[in-house]
Visitor: 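For reference, the structure I am asking about is given below.
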Amino acid sequence: MPHVDTLVGRTAEMTALAAALDAVRGGVGATVLLAGEPGIGKTTLAAAVAGLARAADVPVLTGRADPGVGTPPLWPWWQALHGRPEHDVLAALPTADGDPAALLGHRLRAFEAVARGLADRPGGVLVVLEDLHWADEATLALLAHLTGRPGVLAVATYRSTERTPVLRSGLVALDRAGARRLDLAAWTGTEVAAVAADVHPGWHPVLLRTSGGVPLHVRELTASLRAAGIAADPPAGPGWPLGVPASLADITADRLARLSPAARDAVGAAAIAGGDAGCAELAALCGHDTDTALAALDEAVAAGLLVAAGPAPDRHTFPHALLRDAVHEGLPAARRLAGHRAAAAAVAAGAMGGDVVTHLLACVTDAAGRAAAVGACLDAAAAARATPDRAVAVLDAALALPGVPVADRCALQLAAAEAEFAAGLAEAALARCTAVADLAEGPDLGGAERADALARASLVVRGLGGAVNATVLDLARRALPQLAAHAPDDDATRARVLAQHTLAAAEVIGFDELGDDPAEAFRLAERSGDPLALFDTLRARQHAASGPDGVAERLDIARRMAELPRPPDAPLWGTLWRIDAAFQLGRVAVAETELARLAVVADRLGWPLAHWHRHRVAAAIALLQGRLGECERQADTALDWARRTEDASAIAIDGALRAELRRLQGRSAEMVPVFAASHAAESLPIFWSAVGVAQLAVGDEPAARSRLAQIAAVLPDLSRDGRWLPTVCDAAELAAGLGDADVGLWCHDALTPYAGYFVAGGSGSVRCDGSVSRALGHAADAAGLTDAARRHFADALAAEDRAGALPYRTLSELRLAELLLTDRSAGPDLDTAAAHATRAAATARRIGMPDALRRADAALAAITRARSERIGLTPREREIAAMLAEGRTNRDIATQLVLSERTVETHVANVLGKLGLARRAQVAGWVAEHGPAR
């Protein structure tokens, strides 16, 4: 006997049926009615219980009602009883007209004979009657008469969506007779996932939504996915991409055929309206008045084709999307087209709700209709800026129309590219832009149209680093000659494309190769007065001024950018540039204020790129302030947004910030495999210097020396852009760690003009690494300029103290303490060194800098040794001083050191004299202030 769990989602029903079958075998009778909509699994469940019966050697009799007009009464019973004596009893019933009472008497005697005959067999019998919604009155009456007879289990199925007057009356009789009804529910998401376990999980919610959980539809939809070989995520959009299964189309057509014309029109109107309809839709699409509309909707609900939806009493929808699709596809083409034209007009006029775009797309048959649909799609996409997926879906629907002119295809592709870029899909956007450029360079567009399309294609993707700029550069190069030839007076567009060319070329070939392009772009933009042209050229000017000498100019550019009325991301860049400048100037409080503005801008835009900037700046500020745990949390969030931008440089920026975080945390070893996998950044000197510092931190001196050699070869030729200052400062620290005097001296000379700044790039800072004076201290240290090194570290300490840059203040203070401890000219300043080392140790311990803490402890130990040596205590006297600090008596000390008490008294007197103390009790205080005298 099969286990009751064999049917998905039907465990409770199978348990009940199995129990009823066991009871019948014991001599009890029962009737179980299986009810539900078409495809819900009634027949499957009845077949399963029949399988249980056959396995238990219980006879199974089956019959099925037929909707045909000429079907004789009791037809399901004739089939079930074929070959049995009870069949002959039914065959003998009189069929001619006669006395009704006599005919009823004959029928009752025949029914009783059938009941006795079925109940007569030991071990019970199972009768399965299917499709009782089509049964005649006599069939239902015999089932009611049989209900409860010992040894007879009757299982009958019917569609709850087709309760005819005959069925309703029969169900009342069956209920009185004691029949039990099981209403089969649709599958849940878990059950759908179990049936479709071999398809991509992304399809599971689509299957549930489309099928409404009806098992037949779930299985057929799943089979269509398997047959199509689809293994990936489902496409965006609400519809089912593979069409309506034939089984559902046939069932739906049959159900519609049994409705009145008014109800049939109502269901069709609901399908045209998009699945949700009421009196307004039926008036616009069918001409129904309110009473007719409500009656038609009630009939459709009774047939299970519509269900109530929403608080308004007239609102109705389909039980599931697939049924709506089946109704819509089953409409004659002329009816469907006319319906969508009427719906588009009604929506446009405000006579009914809905989306005019959907209806216009659905009724395109000529050029005028196509033009109207394309225009509506462009308008809808512009209105859907906050939901890029929706905008792209609408535009792609228009692109799928046959015969769309090239100019319209370009406009649609460009609008879709803008939406995809806003969603962080830079590569997809660039693919569309390239397609537009290819179309524009064909024979279908005139010169001015070609120039405009090429220009727009080159301007979509902006503000990103990495490999995408090669494509952006190519698009700009294709556009510029066309603009010169066909739009020579369009200063604004030429300025924008030239600025885009400048920014992309700076990433691909280097900024120094661009000559006068940035200035020319700005001149054109200024002459045009166009906000978009100024926006693009200000970006190019900011990049040109990204080096350490351009901080004042960048602040002015940021002010101008923030004042532009458009595009919507102008405030984003203006705020970022003010933060960059604040970092370089060491004004951390200003950066925090701007970060609050940046959060508002990012929320308003909703772009992944904007959210990435927001969180990576928050991480940089947290790092600078020594909130290392918060830095990691913000960096994790930023990385999540970075992955949505498809900007390779964003991922690289995360790696650079994390490398510095791990260095401060004493975990640089974790970055070694990350650096090894960073092939895209391997060509950048800023990467070489950062990796070298990390390698030095983990003790890999040969690798660090190799990186320093790489950097030394290019230092004099580095472009003074936003990467210059961090690169040279890291090179200075690397030179100090490796003792390279030549590189140290070069860095010292190069960095001296920037001593008052902090280490930050000027074009989207990765982080702010404290004062440039600390890098100058390293450079001077490497070059052997010890006095200058101490001055630089003292300056760095003061600047970082003012800014609240705790990790970098700790590093500066620690190195200053070490230099003071080893001063050979004036002698070590132990008290000042001790004060710096003590504070550095406390800060390192509090914020989690273990390497710095070890260095501080080592410095303090060295200071203690130096003090002891300066005081001149002998080893024995240092030992006794330590024991005095612990509060030991002379006798304790004498016993432990195996000395006489008189000898101990002499040593104690010497210790007090050398330390300048009057009483032995003061030794503990001296040790607490100056460290152990050991």
Visitor: Is a donor on one side and an acceptor on the other found under 3.5 Å between the side chain of R554 and the backbone of A545?
Guide: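 Confirmed, R554 side chain pairs with A545 backbone.
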Visitor: Just verifying a value: how many Å separate C768 SG and Y808 OH, rounded to the nearest 0.5 Å?
Guide: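 So the gap between those two atoms works out to 7.5 Å.
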Visitor: Nearest 0.5 Å, please: how far is OG1 in T593 from CG in L598?
Guide: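 One gets 12.5 Å once the value is rounded to the nearest 0.5 Å.
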Visitor: Could you check whether R597 pairs with E592 (Lys NZ or Arg NE/NH1/NH2 to Asp/Glu carboxylate O, under 4.0 Å)?
Guide: no
Visitor: For R478, is there an ion pair with D438 - N to carboxylate O distance below 4.0 angstrom?
Guide: yes
Visitor: Taking ring-ring contact (aromatic ring centres under 6.0 Å, His included) as the definition, give me every residue that meets it alongside F421, ordered by chain and number, with sequence neighbours left out.
Guide: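 By the ring-ring contact (aromatic ring centres under 6.0 Å, His included) rule, F421 matches no residue at all.
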Visitor: Is it true that D769 and R774 make a salt bridge, defined as a side-chain N closer than 4.0 Å to a carboxylate O?
Guide: no
Visitor: Do R616's NZ or CZ and the ring of W612 fall within the cation-pi criteria of under 6.0 Å and 45°?
Guide: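 Judged by the rule, R616 and W612 form a cation-pi pair.
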Visitor: May I ask you to check whether H792 and H748 place their ring centers less than 6.0 Å from one another?
Guide: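 Ring centroids of H792 and H748 are less than 6.0 Å from each other.
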Visitor: Hey, is R496 close enough to D490 for a salt bridge, meaning N to O under 4.0 Å?
Guide: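 Looking at D490 together with R496, the answer is no, because their closest N to O distance does not fall below 4.0 Å.
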Visitor: Within a radius of less than 6.0 Å around CZ of R523, do more than 12 heavy atoms belonging to other residues, nucleotides or ligands occur?
Guide: yes
Visitor: Mind checking the SG-CG spacing from C747 to L715? Nearest 0.5 Å is all I need.
Guide: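 Rounded to the nearest 0.5 Å, the SG-CG separation comes to 5.5 Å.
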Visitor: Would you call D556 and R559 a salt bridge, taking side-chain N to carboxylate O under 4.0 Å as the test?
Guide: yes
Visitor: Please verify the inter-ring angle class for W573 with W577; under 30° counts as parallel, over 60° as perpendicular, anything in between as tilted.
Guide: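 Judged by the thresholds at 30° and 60°, the geometry between W573 and W577 is tilted.
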Visitor: One thing to verify: whether E420 and R432 come together as a salt bridge, which I'm taking to mean a side-chain N less than 4.0 angstrom from a carboxylate O.
Guide: yes
Visitor: For H613 and W607, run ring pair (Phe, Tyr, Trp, His ring centres under 6.0 Å): C-alpha distance rounded to whole Å, both residues' side-chain angles, the deciding distance at 0.1 Å, then the answer.
Guide: CA-CA 10 Å; H613 279 299; W607 295 1; over 10 Å; no
Visitor: Return the CG to CG distance between D654 and L639, rounded to the nearest 0.5 Å.
Guide: 4.5 Å
Visitor: Salt-bridge test for R633 and E630: reply yes if a basic N is under 4.0 Å from a carboxylate O, no otherwise.
Guide: yes
Visitor: Got L454 and S458 here, is their nearest side-chain heavy-atom distance under 4.5 Å?
Guide: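 Contact flag for L454/S458 side chains = no.
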Visitor: Output yes when R390 and D355 qualify as a salt bridge under the 4.0 Å nitrogen-oxygen rule, no when they do not.
Guide: yes
